[in-house]
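Only heavy atoms go into these numbers, but all of them, side chains included; no hydrogens, no water, no symmetry mates. Only a predicted model underlies this, so the values are computations on that prediction, with no experimental measurement involved.
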Amino acid sequence: PAPTYSSVDGQRAGEEWQCVEFINRFYLTRGWISSPWTGSAGEPLWNSRPRNLVSESNGLVSHLGPGDVVIINVYLNGSLDEGHALVVNDSSNVTSGTVELVSQNSGFGKISSPVVTGKLSNGYVTVGGGGDGYSYTTIGVVHAPPLWTDASPTGKDQGNDTFSAVSCVGTNDCVAVGAWWTTKEVPHALIESYTGSWSPVSSVQPTAESELDAVSCANATFCAAVGYSVAPYSRPLIETFNKGKWKVARAPAPYSGTLLGVSCTSPTYCVAVGYYFSGAGPLVETFNGNKWSLTSKPGGNREGSLFAVSCVSEAFCLAVGARMQDNNQKIWIETVSHGSVHALPASALPAALVGQPPVSAVSCTSASFCEMVGFTNSTNTVVDTFDGKNWSAIIEPSTVVPNTDNTVGPLNLTGVSCTGRTDCALTGYNDTGGPASQWVVSIESGPGWATTSLQDMVPSDRKSVV
């Protein structure tokens, strides 16, 4: 008989009851891939694996997690016979030990059950089953996108808490900052730490009204958080964690203003950025391990506001934000090196950046790689990359993510975190201007992106980081 094929949302998953059809149907249904894998199981399937997903060759496998695909070669009496693909059916990541593997069209009777045991040891994955001359060799593992869960911080009053930023130095070592709000809508600086679960820490509040908008931890013993306080007028607020305690640091800015971004490379070097409320230009402050110093003075030919900064050393920090041009906010970029600020004038903007909307977040892994993201210009969402000399723009349609009510809104990107040139995570929200707006998470690995919609999370503002 002629083969029959299954499909998901118009995409052909494959020939029914084959192992590859099962993988495609599963991944397409979950939204982890936008088009099916091609090729038969084994080497062809491995070679056509989606580049937006993290993959690890056998011998280098770090973990086996829910939904991961294990791709193997099947041998009969020592000769390559065919290939096979199995899915990890486990509830959590396993870094060493056994997991359950499930598959479709797994073999003949007792020779290969549809449910077998997989074992991970020292980076190598072995697959159970076989016999009667059949044996298996693992090619590699393709990891499913990480699962995002609601961690539910405790806070002062969970219904009125807002978190603006988070910084992690380990799997169970994170700090989040923001504000908790009184019944009279007065914000108070809020800090929570994560050591397996979230709990509030004592935040030193210099006044009745204060808010923290960014945090950066250099290691487990030093962090800096920045924002603003009212004492008696609005001015920058800096709190540092050192020697096991949070304390308010002296912010030297003599004018009213706020700090929106901070980046620390060590307990002896941090850069914080923001803007003066008087419209006198961007605000930059640096920390040398003992005190904070005002790096940028108001006025002069400097203009605009800085929203975020990323440092890789004292010699290189990149700060991004917005400036006014023709009554519209446009992109603004500055570099900070050894305490000196250098603005990139509008006339020097590369063609890829001319006319772009403001940039809200930046992440640098070295002086030769940065990625920055920002708000939509109602037509496109732009991701910019810097290679140390040149800028390039990755322009994506701003309406790629549908909302829960099947409408589509502009995609505003508000956070980015990179660990390498092809390993970045973005956060933002697809904005319809109503209750259907939702948070979006995109993970880049290789040249592609996988986007996940967090449909139960309604954004309250434009602040978020990863």
Which distance, rounded to the nearest 0.5 Å, do you find between the [atom1] of [X] and the [atom2] of [Y]?
| X | Y | atom1 | atom2 | result |
| --- | --- | --- | --- | --- |
| Asn172 | Ser193 | CG | OG | 11.5 Å |
| Phe163 | Leu190 | CZ | CG | 4.5 Å |
| Glu334 | Ser340 | CD | OG | 12.0 Å |
| Leu101 | Asp90 | CG | CG | 9.0 Å |
| Glu211 | Thr258 | CD | OG1 | 8.0 Å |
| Ile23 | Leu28 | CD1 | CG | 11.0 Å |

Original post:
Taking the inter-plane angle between the rings of Phe26 and Trp32 on a 0 to 90° scale, is it parallel (under 30°), tilted (30 to 60°) or perpendicular (over 60°)?
Top reply: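 Perpendicular, since the angle between the ring planes exceeds 60°.
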Subject >> Plane angle bin for Tyr194 and Trp198 - parallel if under 30°, tilted between 30 and 60°, otherwise perpendicular >> reply: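 Correct class here is tilted.
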Is any side-chain heavy atom of [X] less than 4.5 Å from a side-chain heavy atom of [Y]?
| X | Y | result |
| --- | --- | --- |
| Trp37 | Val142 | yes |
| Tyr124 | Ser121 | no |
| Val175 | Ile191 | yes |

Subject >> Intermediate values then yes/no, side-chain contact (heavy atoms from CB on, under 4.5 Å), Val271 and Ser263 >> reply: CA-CA 5 Å; Val271 173; Ser263 181; 5.5 Å; no
Subject >> From CA spacing to verdict: side-chain contact (heavy atoms from CB on, under 4.5 Å), Leu64, Asn93 >> reply: CA-CA 6 Å; Leu64 292 174; Asn93 288 343; over 6 Å; no
Which heavy-atom pair separates [X] from [Y] by the least distance, and what is that distance?
| X | Y | answer |
| --- | --- | --- |
| Met372 | Val359 | CB-CG1, 3.6 Å |
| Pro36 | Gln11 | CD-OE1, 3.4 Å |
| His338 | Tyr269 | N-OH, 4.2 Å |
| Arg235 | Ala251 | NH2-O, 3.1 Å |
| Pro282 | Ser305 | CG-N, 4.3 Å |
| Thr365 | Thr419 | CG2-C, 3.7 Å |

Between the side chain of [X] and the main-chain N/O of [Y], is any donor-acceptor distance below 3.5 Å?
| X | Y | answer |
| --- | --- | --- |
| Arg30 | Pro145 | no |
| Ser48 | Thr38 | yes |
| Asn288 | Lys291 | yes |

Under a plain distance cut-off of 3.5 Å, with no hydrogens placed, do [Y] and [X] share a side-chain donor-acceptor pair?
| X | Y | result |
| --- | --- | --- |
| Arg49 | Ser55 | yes |
| Thr162 | Trp181 | yes |
| His188 | Glu209 | no |
| Thr295 | Thr286 | yes |
| Thr240 | Asn242 | no |

Original post:
For Tyr27 and Leu53, what are the C-alpha separation, side-chain angles and deciding distance, and is it a side-chain contact (heavy atoms from CB on, under 4.5 Å)?
Top reply: CA-CA 11 Å; Tyr27 270 59; Leu53 301 177; 3.6 Å; yes
Original post:
Just one of Asn58, Val70, Leu60 clears the side-chain contact (heavy atoms from CB on, under 4.5 Å) bar with Val141, so which one?
Top reply: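 Considering Asn58, Val70, Leu60, a side-chain contact (heavy atoms from CB on, under 4.5 Å) with Val141 is found only for Val70.
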Original post:
Are the two sulfur (SG) atoms of Cys311 and Cys264 closer than 2.5 Å?
Top reply: no
**OP:** Answer yes or no: is the gap between the SG atoms of Cys418 and Cys364 smaller than 2.5 Å?
**Re:**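 No, because the SG atoms of Cys418 and Cys364 are not under 2.5 Å apart, which misses the disulfide cut-off.
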Original post:
Between Glu56 and Ser62, is a side chain to side chain donor-acceptor pair (under 3.5 Å) present by the stated rule, with each step listed?
Top reply: CA-CA 8 Å; Glu56 296 173 317; Ser62 60; 3.0 Å; yes
Subject >> Step-by-step side-chain contact (heavy atoms from CB on, under 4.5 Å) determination, Arg421 to Ser368 >> reply: CA-CA 10 Å; Arg421 288 180 177 270; Ser368 60; 3.4 Å; yes
Original post:
Does the pair Cys168 and Cys217 meet the rule for a disulfide bond (SG atoms under 2.5 Å apart), with working shown?
Top reply: CA-CA 7 Å; Cys168 298; Cys217 295; over 6 Å; no
Subject >> Exceeds 12 heavy-atom contacts within 6.0 angstrom, atom CG of Asp9 >> reply: no
